[in-house]
Amino acid sequence: MTKLDVLISEAVERVEQDVVNLRRDLHMHPEVSGKEERTSALVADYLAGLGLEVKRCRNNYGVRGVLRGGRPGPTVALRADMDALPLTEETGLPWASKTPGVMHACGHDVHTAILLGVASVLSSLAGELEGNTTFLFQPSEEFFPGGALGMIEEGMIENPAVEAVFSLHTQPAPVGCISIVEGPIIGSVSTFSLRIFGKGGHFSSPHMAVDPIVTAAHVITALDSMMTRRLDPLDSAVLTFGMIQGGTRDNIIGDMVVLRGNIGSLDESICRVLMEELEKVVQGVTQAMGARYKLKYIHGYPTTRNDPRATDLVRRIAGPIVGPENILVSKPTLGGEDFAYFLQKVPGAMFFLGTQNPDLEPVPVVNHDPRFNPDERAIPIGMKILAHLAARYAREGRE
Ligand SMILES: [Zn+2]
Ligand SMILES: [Zn+2]
């Protein structure tokens, strides 16, 4: 262990309780994607108070802080997301959301607090650091097109030019563990909206009408079959309809059904191919049923791909912090994450931070659940790993 390692660990322990309190404050005041006004002001003030060079985005609520190290070296970026979800919290905790219908249910409050804590720790050790650390606080991760692209477009990873970028995300895995995998860790997502137009009529005379509900039912079933017949069984992808809407009364054949859904895959090209296949199916089925359709789709976040060297550095640094047996190999998820855009520009890695503890009340459940309750003992673990990544990248990250 070097002197710097010891200093980082001591500094984390000194600010740990403040960071937990900060997280609870953020948790009580959640803001949905694109509306992170208070959070971004709090972040900017905090960074300015530490003496960092602070720059705020003009087109979104993104904030950047740059910490100059005492000695020359590369610039490493650490990134956190700041937005909450449109959910009503059901934890009953003293620090539960004070904003009705909005909740930090994906742990972005934890991410933001951890990164502010790391800024505090590293700024107290600036003289010992080689190179610069760029702290990226991005808005709107949960809502496409996200906040990362806007920050990149506004030059937040330039001047100083970022050489590597790291981030973490809370995960419903045991607290004390982290998990990571090299290559794709979070999949890419395409979103679609499909309108099926039929011809309305009386329920007793379907032959005089074109029933969009029956057509939609066939479309859904045919698309389920498409996923097993058109997709290479060795590739992974998922198609889910999250919404279906149609009809006004039980005895009326309506004239339109709206379906919305997502396709997720570890590979953007698979999403694109499946979207083309989806349109072929929709075209064929609606035509056969005498209906018409309108399909709109957006290719959303690309795949989040961890660089092998950056992944290895995360593992090496996390080893002494959590114990090598607590570094799990992450299964990739098909969820979608706009950190992917940073990784398209510079190499880096995202790792998952375990936040689950079955003894907590309420028992922490999965992200995006109104009872989401991460174990705050994960906070110093996340802080230590990120602080060490920034501090040790210059010497160990380029090996
Ligand atoms: Zn989320
Ligand atoms: Zn998230």
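One-based numbering, in listed order, for ligands and for the atoms of each.
- Looking only at N/O/S atoms, E142 comes nearest to the Zn ion (ligand 1) through OE2.
- The aromatic rings of F241 and F192 sit perpendicular to each other, their planes meeting at more than 60°, with 30° as the lower class boundary.
- When distances from the Zn ion (ligand 2) to the N, O or S atoms of H169 are compared, NE2 comes out shortest.
- For the pairing with D312, the salt bridge (Lys or Arg N to Asp or Glu O under 4.0 Å) check across R316, R309, R315 returns one residue only, R316.
- Ionic pairing of E128 and K3 is present here: one or more N-O contacts between side-chain nitrogen and carboxylate oxygen are shorter than 4.0 angstrom.
- Within the 2.8 Å limit, H111 places no N, O or S atom next to the Zn ion (ligand 2).
- Between H111 and H169, the ring-plane angle classifies as perpendicular under the 30° and 60° cut-offs.
- With the Zn ion (ligand 1) at the apex, C106 SG and H368 NE2 define an angle of roughly 110° (rounded to 10 degrees).
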